[in-house]
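Below is one structure, written out as structure tokens; comments come after it.
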Amino acid sequence: MRTQVGIVGAGPAGLLLSHLLHLRGIDSVVLEARSRHYCETRIRAGVLEQGTADLLVASGVGGRMTREGLVHRGIVLRFGGRDHRIDLSELTGGRTILVYGQHEVVKDLIAARLDAGGEIFFDVEDVAVGDLDTAAPRIRFRRGGEARELRCDFIAGCDGFHGICRPSIPPGVLTIYEHAHPFAWLGILAQAPPASAELIYASHARGFALLSMRSPEVSRLYLQCEPAEAIGEWPDDRIWQELRRRFETDEGWTLRDGPVLQKGITAMRSFVASPMQHGRLFLLGDAAHIVPPTGAKGLNLAAADVRVFVEALDAFYAAGRTDLLAGYSAACLRRVWKVQRFSWWMTSMLHRSAEGEFFDRLHLAELDYVTSSRAAATALAENYVGLPFAPA
Ligand code: FAD
Ligand code: DHB
């Protein structure tokens, strides 16, 4: 088999890449280890920057998202028993965010690719990449028990943090920058109307909690827990009790509960691999970098890498230019590090750690500052809605 771009991974990065390349007349094949059903039901991110949502609309896959997604103009920071609203739109010249589940984006992209005759091979096994420093890299895999090989001009490693692409780069090429945060998030999806119209990021002495949503009937809630805790230690009653405590206000705000549809614990990590390229293998999204989820950035950062890579491939195929491909990693990493900084800052400000009372006071001062200074609130808002993209 042959294609122009062999894509490993059918997450948001791989699917969006395949879709945008198709619109530029560039062929790709997507290889995915899991089933289509698994990809379409895996509950993860929920917040799209306006730029990400605009990209989906402009590329023709935003129809259902525009109908079903929830436009938000602000978020709430809750601490000291009170709410402090950050008016994202007012502080950023009218920009907004869109609450729409990542798995819905994935469903829309899979449907668009398959409708256009695109090739996505689900349930493939033993994926391995090779000949990376030649002009004809290849991907070996098994499909239905049969060994196959895909020859391509370029390989896009979109296989997430635990994928095989990044580890296939020879030792010594990549520099890894990482930080393990001393807490995790327990997330639930609940059949309960969201108790607030806007997201609430709550900093409480017992730890951080976040209220988000997926629809007017379904809430998405998170609470800070220990990385070593098992989900079995958290029966539903304990989760609701803990959420109620962390969301408490002086005015007696009440959380709405309901049946828990799904729950899980996610560790928190900050991670960057640099450069995001080796020979003809390019890394995109979580394969290259991970941010802690507090800034709602992982999916958006994956989409930002895709934009840069599509422009670079287009310049290569349309005009034989290699300069944008050579500059891919540097162009992506400029944004990656700013987003790392923002995600780390939101995380440390809102979570409780064992660093001690001194740091708790600093974080409260930071919250007080960000909710009382227009300059500080603007800095939060412009990062949260998404930093602008440099002209191509
Ligand atoms: P992934 O979504 O991980 O996709 C990689 C794909 O590659 C997967 O389908 C995987 O099955 C496949 N794969 C792996 N190995 C192989 C292999 N060997 N061969 C073939 N296929 C393979 N981000 C936000 O922007 N906003 C949020 O609100 C947000 N909240 C989050 C909440 C949680 C609880 C979590 C866990 C994450 C959250 N994120 C958020 C982060 C976001 O989900 C990720 O950044 C995003 O999924 C990255 O997309 P990706 O395509 O790079 O990788
Ligand atoms: C959601 C996840 C986040 O990490 C975040 O910061 C906000 C919302 C969500 O899943 O809805």
Side-chain angles (χ1 to χ4, degrees), residues 6-18 30-36 38-40 42-49 52-53 70 72 75 97-103 105-106 109-110 120-129 139-143 155-168 184-189 194 198-201 208 210-215 218-222 262-269 271 283-306 339 342-343 346-347 350 384 386:
I7 301 175
V8 186
L15 292 166
L16 181 61
L17 176 63
S18 179
V30 181
L31 304 176
E32 166 60 49
R34 313 301 291 248
S35 68
R36 178 176 178 181
Y38 183 91
C39 295
E40 292 187 339
R42 179 169 41 194
I43 304 296
R44 293 178 82 180
V47 174
L48 305 183
E49 293 175 357
T52 307
L70 309 166
H72 285 206
I75 56 169
I97 53 156
L98 190 71
V99 177
Y100 187 65
Q102 173 170 330
H103 67 291
V105 175
V106 164
L109 285 167
I110 290 176
I120 309 173
F121 296 156
F122 291 99
D123 302 301
V124 299
E125 292 171 311
D126 301 337
V127 178
V129 296
I139 312 180
R140 293 208 170 104
F141 60 100
R142 297 183 78 78
R143 188 170 183 230
I155 298 177
C158 302
D159 50 350
F161 184 70
H162 300 287
I164 53 95
C165 286
R166 191 184 65 251
S168 306
W185 274 17
L186 189 165
I188 63 167
L189 194 67
E198 294 183 335
L199 270 67
I200 302 176
Y201 287 84
F208 170 74
L210 169 62
L211 180 146
S212 180
M213 66 248 4
R214 287 294 176 270
S215 72
V218 175
S219 298
R220 177 80 168 140
L221 295 137
Y222 298 97
Q262 195 260 4
K263 60 180 170 179
I265 292 181
T266 317
M268 272 203 197
R269 196 182 269 116
F271 177 98
L283 302 177
L284 293 88
D286 279 15
H289 40 71
I290 296 281
V291 289
T294 326
K297 289 292 166 219
L299 166 61
N300 295 293
L301 204 49
D305 294 346
V306 171
V339 171
F342 176 68
S343 303
M346 284 283 279
T347 301
L350 286 160
Y384 197 87

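Residue numbers start at 1 and run along the sequence shown. Whatever order the structure lists ligands and atoms in, that order sets their numbers, starting from 1.
- The shortest N/O to N/O separation between P12 and ligand 1 falls below 3.5 Å.
- Within the model, atoms CZ of F208 and CH2 of W185 stand 4.5 Å from one another, a figure rounded to the nearest 0.5 Å.
- Of the possible polar contacts, none joining the R214 side chain to the R220 backbone as a donor-acceptor pair under 3.5 Å is found.
- Within the structure, the closest approach of H162 to ligand 1 does not fall below 4.0 Å when heavy atoms are considered.
- Atoms of ligand 2 found under 4.0 Å from any heavy atom of T294, numbered from 1 in the order shown, are 6 (O).
- Looking at residues two or more places apart in sequence or on another chain, you find a side-chain contact (heavy atoms from CB on, under 4.5 Å) between S219 and A192, P194, L221.
- Of the protein's non-hydrogen atoms, G46 N, 3.3 Å is the one closest to atom 28 (O) of ligand 1.
- Where the criterion is an N or O separation shorter than 3.5 Å, residue side chain and backbone included, A296 meets it with respect to ligand 1.
- With rounding to the nearest 0.5 angstrom, the CD1 atom of I164 is 14.5 Å from the NE2 atom of H162.
- Looking only at distances, no side-chain donor or acceptor of D159 sits under 3.5 Å from a matching main-chain atom of V8.
- Using 4.0 Å as the threshold, G187 has no heavy atom nearer than that to any atom of ligand 1.
- Counting only heavy atoms of the protein, atom 41 (C) of ligand 1 lies nearest to G298 CA, 3.9 Å.
- Of all the heavy atoms of N300, the ones lying under 4.0 Å from any atom of ligand 1 are found in both the backbone and the side chain.
- Between Y384 and F342, the ring planes lie perpendicular to each other; the angle is over 60°, past the 30° to 60° tilted range.
- Ranking the protein heavy atoms by distance from atom 20 (C) of ligand 1 puts A33 N, 3.3 Å first.
- Protein heavy atom closest to atom 10 (C) of ligand 1, with residue, atom name and distance, is E32 OE2, 3.5 Å.
- Ranking protein heavy atoms by distance to atom 11 (O) of ligand 2, first place goes to S212 OG, 2.6 Å.
- Pairing each heavy atom of A10 with each of C39, the nearest pair is O-SG, 4.3 Å.
- Summarising the geometry, atom CG belonging to L350 is positioned 9.0 Å from atom CG belonging to L210; distances are rounded to the nearest 0.5 Å.
- In this structure, of D159, D126, V291, the residue bringing a heavy atom nearest to atom 14 (C) of ligand 1 is D159.
- Atom numbering of ligand 1 starts at 1 in the shown order; those under 4.0 Å from a heavy atom of V8 are 19 (N), 20 (C).
- With a 4.0 Å cut-off on non-hydrogen atoms, L301 does not touch ligand 1 at all.
- With a 4.0 Å heavy-atom cut-off, ligand 2 is reached by the backbone of R44 but not by any atom from C-beta on.
- In this structure, Y222 is part of the shell of residues with a heavy atom less than 4.0 angstrom from ligand 1.
- Looking only at heavy atoms of the protein, atom 1 (C) of ligand 2 is closest to Y222 CE1, 3.8 Å.
- Among protein heavy atoms, atom 34 (C) of ligand 1 sits closest to T266 OG1, 3.7 Å.
- The option with the heavy atom closest to atom 38 (C) of ligand 1, from among A45, C158, A13, is A45.
- In terms of N/O distances under 3.5 Å, ligand 1 is approached by Q102.
- Near G160, the atoms of ligand 1 lying under 4.0 angstrom from a non-hydrogen atom of the residue are 3 (O), 5 (C), 53 (O).
- Only side-chain heavy atoms of V127 come within less than 4.0 Å of ligand 1; its backbone N, CA, C and O stay farther off.
- Ligand 2 places these atoms under 4.0 Å from at least one heavy atom of L199: 7 (C), 8 (C).
- Within ligand 2, counting atoms from 1 as listed, the ones closer than 4.0 Å to a heavy atom of W185 are 3 (C), 4 (O).
- Protein heavy atom nearest atom 4 (O) of ligand 2, with residue, atom name and distance: P293 O, 2.6 Å.
- What sits closest to atom 25 (O) of ligand 1 on the protein, heavy atoms only, is L299 N, 2.7 Å.
- The distance criterion of under 3.5 Å between nitrogen or oxygen atoms is not met by Y384 with respect to ligand 2.
- Residue, atom and distance of the protein heavy atom nearest to atom 8 (C) of ligand 2 are V47 CG2, 3.5 Å.
- For the pair Y201 and ligand 2, the shortest N or O to N or O distance falls below 3.5 Å.
- Contacts between L210 and ligand 2, counted as non-hydrogen atom pairs separated by less than 4.0 Å, involve the side chain only.
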